[in-house]
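Not measured: the values here are computed from a predicted model. By convention in this document, chain letters (A, B, ...) are assigned in the order of the sequence lines, proteins followed by strands, and residues within each chain are numbered from 1.
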Amino acid sequence: MILWMILGMSVVTLVPRFAPVFIMDRLDLPPWGRRWLAAIPYAALGALIIPGIFTVIDGKPWAGMAGGAAAVLAAWLRAPIMVTVLIAIITVLLISHL
Amino acid sequence: MAEVSERINISGRGKMFRKGFVAGSPIIFGYIPIALTYGVLAYQSGLTLFELTFMSAAVFAGAAQFLGVSMVAAGVSAAEIIIAVFVLNFRHFVMSLSFVNQMKAHAKKRKLPLTLFLTDETFALSSIHKKEAKEPHAFWFYGGVMMAAYSAWVLGSLAGGLLGNVMPKALSDSMGIALYAMFIGLLVPSLKTSIAVGGIAGAAMIINSTAQWAGLTAGWSIVIGTILGGLLGVFLLPDEEEEEE
């Protein structure tokens with residue numbers, strides 16, 4: 001029973017992932033359509049960061065904000081992504097457990 | 001395609017795969033604590049080790065799996081769980097449209113397997129590494145990114161179910177910031193070179209927040225924020241031809 005449910009979850013997750021391969025094949029997008037698709041990554045990043053980052057630590061939105069601010073600063077100063085991630089983790093660890 | 005064949009000798013498949021795997025390594029870092037937590041939770045909800053690992057391998061979508069497992073624990077019907085998972089993961093459809101456009105120079109048999117591994121994180125990382133799409137062995141680069149993420153997710157889930165809570169809670173809680181920090185690390189360099197990027201991301205943040213505040217689910221809110229925020233790009237971004245050096 002659980003296995004059938006997992007297969008169902010798999011199908012509804014995989015179909016939306018691969019369907020665009022066949023849709024884009026049949027679609028000759030105008031330049032504005034391609035500009036829209038080129039902007040999707042930046043829009044997705046924005047939507048993925050806020051408001052989710054405020055709930056990293058339950059009931060302590062400032063912990064996520066501090067970690068985010070540390071990450072913005074590190075990334076602005078051209079830190080590699082791995083370093084940015086580590087700085088953010090340490091910041092949240094310190095802020096939320098002091 | 002001309003510029004693609006010119007560069008055919010630059011890098012071999014194995015080298016590109018390793019490059020992709022290294023580029024994807026921040027995702028490993030972010031996924032492991034979440035995968036461990038998922039494994040523990042799934043095991044406690046009554047899934048066997050095989051079932052919980054199989055779910056990670058067959059679904060490969062963190063939020064959806066947490067939702068699925070907690071609904072199983074609450075005794076919700078399979079049909080309702082599947083519908084909820086579809087809604088939550090529909091954003092990958094929008095992301096895949098963008099990824100497939102980025103990979104338009106490549107054969108369908110190359111694009112299709114990659115799209116199966118699209119998550120918020122593999123999409124974000126792959127789309128910021130967009131110049132690799134122009135390489136002949138782009139498939140191997142993005143394959144490396146996807147496999148870094150996938151192996152961390154599947155093995156981390158198994159480890160969580162097998163070992164239980166091995167990570168100190170304070171550490172795994174704090175590591176919850178890791179994927180957000182990665183998203184920030186991907187966004188900021190683009191922001192520095194283009195004000196338009198800031199406008200697009202900022203609009204998506206506001207739209208997503210407003211939609212969630214108005215009571216929409218996180219899944220739909222992210223879809224709406226991404227689609228509408230991206231529409232700003234129609235007016236703000238240059239055409240692809242001008243973008244290329």
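- If you measure heavy-atom distances from B:Gln212 to chain A, the contacts under 4.5 Å come from the side chain alone.
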Chi angles and distances behind the side-chain contact (heavy atoms from CB on, under 4.5 Å) call for A:Trp32, B:Leu237 | CA-CA 9 Å; A:Trp32 69 265; B:Leu237 287 186; over 6 Å; no

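- Only the side chain of B:Ile81 comes within less than 4.5 Å of a heavy atom in chain A; its backbone stays farther off.
- Between A:Phe18 and the choices B:Leu114, B:Thr115, B:Val100, the side chain to side chain contact (heavy atoms under 4.5 Å, CB included) rule is met once, by B:Thr115.
- In this structure, no portion of B:Leu179 lies under 4.5 Å from any heavy atom of chain A.
- In this structure, A:Met65 places its CE atom where only 12 or fewer heavy-atom neighbours from other residues, nucleotides or ligands lie under 6.0 Å away.
- The candidate with the highest count of non-hydrogen atom pairs below 4.5 Å against chain A, out of B:Val85, B:Ile82, B:Leu187, B:Asn89, is B:Ile82.
- Using a 4.5 Å heavy-atom cutoff, the side chains of A:Leu37 and B:Phe99 are not in contact.
- No side-chain heavy atom of A:Leu14 sits under 4.5 Å from any side-chain heavy atom of B:Phe60.
- Only the side chain of A:Ile57 comes within contact range of chain B, with heavy atoms under 4.5 Å apart.
- Atom CE in A:Met9 sits 7.5 Å away from atom CG in B:Leu67 (nearest 0.5 Å).
- For the set B:Thr48, B:Ile177, B:Val223, B:Val188, the count of heavy-atom pairs under 4.5 angstrom toward chain A peaks at B:Ile177.
- Contact tally against chain B (heavy-atom pairs below 4.5 Å) for A:Val85, A:Thr84, A:Thr55: the top residue is A:Val85.
- Summarising the local packing, CZ of B:Phe117 is surrounded by more than 12 heavy atoms from other residues, nucleotides or ligands at distances under 6.0 Å.
- To the nearest 0.5 Å, atoms CD1 (A:Ile53) and CE (B:Met205) are separated by 8.5 Å.
- With rounding to the nearest 0.5 Å, the separation of CZ in A:Phe54 from OG in B:Ser209 is 6.5 Å.
- Contact check for A:Ser96 versus B:Asp173: no side-chain heavy atoms found under the 4.5 Å cut-off.
- Chain A forms more heavy-atom pairs under 4.5 Å with one residue of B:Ile224, B:Ile222, B:Val197 than with any other, namely B:Val197.
- Looking only at heavy-atom pairs under 4.5 Å with chain A, the residue among B:Ser96, B:Gly185, B:Gly233 that has the most is B:Ser96.
- In this structure, B:Gly230 and A:Ala39 approach most closely via the heavy-atom pair O-CB, 3.4 Å.
- Interface remark: A:Leu93 contributes backbone and side-chain atoms alike to the contact with chain B (heavy atom separation under 4.5 Å).
- Among all heavy-atom pairs drawn from B:Ala61 and A:Arg17, the shortest one is CB-NH2, 3.8 Å.
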Test salt bridge (Lys or Arg N to Asp or Glu O under 4.0 Å) on B:Asp239 and A:Arg34 and set out the steps.
-> CA-CA 8 Å; B:Asp239 273 324; A:Arg34 301 217 177 261; over 6 Å; no

Chi angles and distances behind the side-chain contact (heavy atoms from CB on, under 4.5 Å) call for B:Phe86, A:Thr13 | CA-CA 6 Å; B:Phe86 173 75; A:Thr13 306; over 6 Å; no

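- Around the CD1 atom of B:Ile195, the shell of radius 6.0 Å holds no more than 12 heavy atoms that belong to other residues, nucleotides or ligands.
- Using a 4.5 Å cut-off on side-chain heavy atoms (C-beta onward), B:Asn101 and A:Met24 make contact.
- For the atom pair CD1 (B:Ile184) and CG (A:Leu45), the distance works out to 10.0 Å, reported to the nearest 0.5 Å.
- For the pair B:Phe123 and A:Leu48, the minimum side-chain heavy-atom distance is 4.5 Å or more.
- Contact annotation: the side chain of A:Leu7 approaches that of B:Phe54 to within less than 4.5 Å [non-hydrogen atoms, C-beta and beyond].
- Heavy-atom distances place no part of A:Ile95 under 4.5 Å from chain B, backbone and side chain included.
- Counting heavy atoms from C-beta on, the side chains of A:Ile2 and B:Val72 come closer than 4.5 Å.
- Chosen from B:Lys192, B:Met95, B:Met103, B:Lys111, the residue pairing most often with chain A at heavy-atom distances under 4.5 Å is B:Lys192.
- Considering only heavy atoms from C-beta on, B:Met71 stays 4.5 Å or farther from A:Met5 through its side chain.
- Among A:Ala75, A:Ala47, A:Ala79, A:Gly8, the residue with the largest count of heavy-atom pairs under 4.5 Å with chain B is A:Ala47.
- With chain A as the partner, the residue from B:Gly229, B:Ser221, B:Ala170 showing the most heavy-atom pairs under 4.5 Å is B:Ala170.
- Closest non-hydrogen pair, A:Trp36 versus B:Leu231, comes out as CD1-N, 3.3 Å.
- Atom-to-atom distance recorded for B:Asn208:CG and A:Ile49:CD1 is 11.0 Å, nearest 0.5 angstrom.
- Summarising the geometry of B:Gly176 relative to A:Val56, their closest heavy-atom pair is C-CG1, 3.8 Å, with the distance given to 0.1 Å.
- When the candidates A:Pro51, A:Ala71, A:Gly33, A:Pro80 are compared by the number of heavy-atom contacts under 4.5 Å with chain B, A:Pro51 comes out ahead.
- Scanning both residues, B:Ile200 and A:Ala43, for their nearest heavy atoms gives CG2-N, 3.6 Å.
- Considering every non-hydrogen atom in both B:Ser174 and A:Val92, the closest pair reads CA-CG1, 3.8 Å.
- Within the 4.5 angstrom heavy-atom criterion, atoms from both the backbone and the side chain of B:Ile227 approach chain A.
- Atoms NZ and CG, on B:Lys108 and A:Asp25 in that order, are 4.0 Å from each other to the nearest 0.5 Å.
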